[in-house]
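To start, the structure itself, in structure tokens.
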Amino acid sequence: MIVPEIKTIPSKKLIGKCLSMSFSQNRTAELWKSFMMERKHILNSMSTDLFSLQEYQKPYQADIFDPEMVFTKWAATEVPNFDNIPEGMATYELKGGLYAVFLYKGHPAEGASMFQYIFTSWLPASGYELDDRAHFEVLGDKYKNNDPDSEEEIWVPVKTK
């Protein structure tokens with residue numbers, strides 16, 4: 001059984017790039033390649049942590065998985081303000097609030113099983129339900145792209161039932 005840490009965070013300012021996609025038309029690699037090539041132009045990053053963020057047009061429903069549902073995915077980093085926005089980048093204000101934070105260790109391609117556990121086992125048995133805010137992953141110092149020893153944090157927006 002994987003037990004998340006429940007955290008309340010303030011809103012965060014992010015700068016990055018975004019693309020519309022669906023799970024069946026996944027453009028994540030294209031998004032991250034473009035962001036990483038231009039990341040050096042973000043002069044006021046608060047850390048080396050990167051955010052992979054999903055913003056759903058309608059509230060995400062874990063019990064009704066639709067691979068064709070279009071959402072906006074972001075590749076971003078946190079900044080203290082929006083004073084210096086590089087050309088070709090955009091801003092995102094991540095709403096603060098309550099999150100269930102799961103530590104995932106493993107190959108990114110095998111991450112679907114973690115999400116399945118979160119939404120079909122942990123969430124229904126918890127005292128929480130999904131909140132209509134962005135879902136995101138924090139890719140910190142232990143994140144290693146395409147490596148089975150990679151670690152990342154999965155942040156799921158929740159509210160008490």
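Treat the numbers as computed from the prediction; the structure is a model and nothing was measured.
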Y128 side chain vs D131 backbone, donor-acceptor pair below 3.5 Å: no
What pairs of donor and acceptor atoms, side-chain ones from residues 69-80 against any protein atom, are under 3.5 angstrom apart with sequence neighbours left out?
| residue | atom | partner | partner atom | Å |
| --- | --- | --- | --- | --- |
| T72 | OG1 | Q57 | NE2 | 3.4 |
| K73 | NZ | Q54 | OE1 | 3.4 |
| T77 | OG1 | D49 | O | 3.3 |

Any side-chain heavy-atom pair of N145 and W32 under 4.5 Å: no
State whether the side chain of K161 and the backbone N or O of S126 hold a donor-acceptor pair below 3.5 Å, judged by distance alone. yes
Which pair of heavy atoms, one from A100 and one from W122, lies closest together, and at what distance? CB-CH2, 3.6 Å
At their closest point, which heavy atom of S45 faces which heavy atom of I42, and how far apart are they? OG-CG2, 3.5 Å
Using side-chain heavy atoms (C-beta onward) and a distance below 4.5 Å, is L139 in contact with E137? yes
If you look at every heavy atom in R39 and T48, which pair is closest and at what distance? NH2-O, 3.6 Å
Is a side-chain donor-acceptor pair under 3.5 Å present for S22 with E68? no
Between T120 and Q116 (side chain of the first, backbone of the second, donor and acceptor by atom type, cut-off under 3.5 Å), is there such a pair? yes
Aromatic ring centroids of F136 and Y99 under 6.0 Å? yes
How close do F82 and L14 get, counting heavy atoms only, and between which atoms? CE2-O, 3.3 Å
Quick check on K33: does its NZ atom have over 12 non-hydrogen neighbours (other residues, nucleotides or ligands) under 6.0 Å away? no
Heavy-atom closest contact (M21 atom, Q25 atom, distance): CB-O, 3.4 Å
Out of the candidates K12, K13, E55, only one should pair with Y92 under the side chain to side chain contact (heavy atoms under 4.5 Å, CB included) rule; please name it. E55
S11 versus K95, side-chain donor and acceptor atoms under 3.5 Å: no
Side-chain contact, heavy-atom cut-off 4.5 Å: V156 with L130? yes
Under 4.0 Å between a side-chain nitrogen and a carboxylate oxygen: does that hold for E30 and R27? yes
Quick check: closest heavy atoms across D149 and K105, and the distance to 0.1 Å? O-CE, 4.1 Å
Please check if any side-chain donor atom of Y143 sits under 3.5 Å from a side-chain acceptor atom of D141, or the reverse. no
Quiz item: cation-pi between R133 and Y56, 6.0 Å / 45°: no
